[in-house]
Q: 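Structure below; questions to follow.
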Amino acid sequence: MKKTVKDVEKLDKGLIEASLQSTNISKVAKVLTDKLNDAQSPEDMTLSEFEELYALADMIRVYAVDQCSTIENSEMLIGFEVKQHE
């Protein structure tokens, strides 16, 4: 099986976008875990702080879904040729 790239420029852009999304996911996850670390117990957290943490977790989810889509779209740019044996 031979792999061919149908559109190298689109593939490169897709991989760069996925990489940037990974960086954003990592940064948001770090903020979330830092904030959770600061709260020793649920009683230490206000409703506003809880809502902020929920928003960060939702942001991670959105970035992850978008990243999966970007990777799937980039994978479609790679074609596979099946070489038959003679």
Side-chain angles (χ1 to χ4, degrees):
M1 195 181 318
K2 184 179 178 184
K3 298 176 187 177
T4 58
V5 177
K6 298 174 188 175
D7 189 330
V8 175
E9 189 175 323
K10 282 185 182 177
L11 180 62
D12 285 347
K13 285 181 183 178
L15 294 173
I16 290 168
E17 186 176 332
S19 176
L20 292 172
Q21 290 165 345
S22 291
T23 300
N24 289 336
I25 291 170
S26 176
K27 286 178 181 178
V28 173
K30 181 177 179 351
V31 170
L32 178 60
T33 55
D34 286 349
K35 288 190 176 287
L36 287 171
N37 252 349
D38 290 344
Q40 297 298 313
S41 70
E43 293 81 28
D44 295 339
M45 194 180 308
T46 65
L47 179 59
S48 176
E49 290 169 328
F50 172 80
E51 289 171 344
E52 183 181 335
L53 294 179
Y54 184 87
L56 287 170
D58 193 48
M59 188 182 298
I60 291 170
R61 182 193 60 77
V62 169
Y63 272 118
V65 168
D66 192 43
Q67 182 180 37
C68 287
S69 177
T70 299
I71 290 170
E72 286 174 2
N73 290 337
S74 296
E75 287 175 346
M76 289 189 318
L77 296 170
I78 300 172
F80 296 94
E81 286 180 18
V82 177
K83 198 172 192 180
Q84 296 189 356
H85 297 283
E86 295 175 10

Q: Start with the C-alpha gap between E9 and K13, add the side-chain angles, then the distance that decides, and say whether salt bridge (Lys or Arg N to Asp or Glu O under 4.0 Å) holds.
A: CA-CA 6 Å; E9 189 175 323; K13 285 181 183 178; 3.3 Å; yes
Q: Are side-chain heavy atoms of M45 and L53 found at a separation under 4.5 Å?
A: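 They are in contact (side-chain heavy atoms under 4.5 Å apart), so the answer is yes.
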Q: When you measure from the side chain of S19 to the backbone of L15, do you find a donor-acceptor pair of N or O atoms at a distance under 3.5 Å?
A: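 Looks like no, no N/O pair under 3.5 Å.
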Q: Working to the nearest 0.5 Å, report the span between CD1 of I25 and CE of M59.
A: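 Separation between the atoms: 11.5 Å.
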Q: Rounded to the nearest 0.5 Å, how far apart are CG of N37 and OG1 of T33?
A: 6.5 Å
Q: Quick one: list whatever passes salt bridge (Lys or Arg N to Asp or Glu O under 4.0 Å) with K27, sequence neighbours left out.
A: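 Partners of K27 by the salt bridge (Lys or Arg N to Asp or Glu O under 4.0 Å) criterion come out as none, since no residue qualifies.
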Q: Find the distance between CD (E51) and CG (D58) and round it off to the nearest 0.5 Å.
A: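 So the CD of E51 and the CG of D58 are separated by 13.0 Å.
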Q: Can you list the residues that meet the side-chain hydrogen bond (donor to acceptor under 3.5 Å, both in side chains) rule with E72, with sequence neighbours excluded?
A: none
Q: Are L36 and L56 connected, step by step, through hydrophobic side chains (Ile, Leu, Val, Met, Phe, Trp, Tyr) whose heavy atoms are closer than 4.5 Å?
A: yes
Q: Please report the closest heavy-atom contact between I71 and A18, naming both atoms and the distance.
A: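 Reported closest heavy-atom pair: CG1-CB, 3.9 Å.
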Q: Is there a path of hydrophobic side-chain contacts, each under 4.5 Å between heavy atoms of I, L, V, M, F, W or Y residues, that connects L20 with I60?
A: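 Each belongs to a different hydrophobic cluster.
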Q: Kindly indicate whether the side chain of K35, heavy atoms from C-beta on, has any atom under 4.5 Å from the side chain of E52.
A: yes
Q: Shared ILVMFWY cluster between F50 and V31, side chains joined below 4.5 angstrom?
A: yes
Q: Determine yes or no for a side-chain-to-main-chain donor-acceptor pair under 3.5 angstrom, with S26 supplying the side chain and S22 the backbone.
A: no
Q: Would the distance check show the side chain of Q21 and the main-chain N or O of Y63 forming a donor-acceptor pair, the cut-off being under 3.5 Å?
A: no
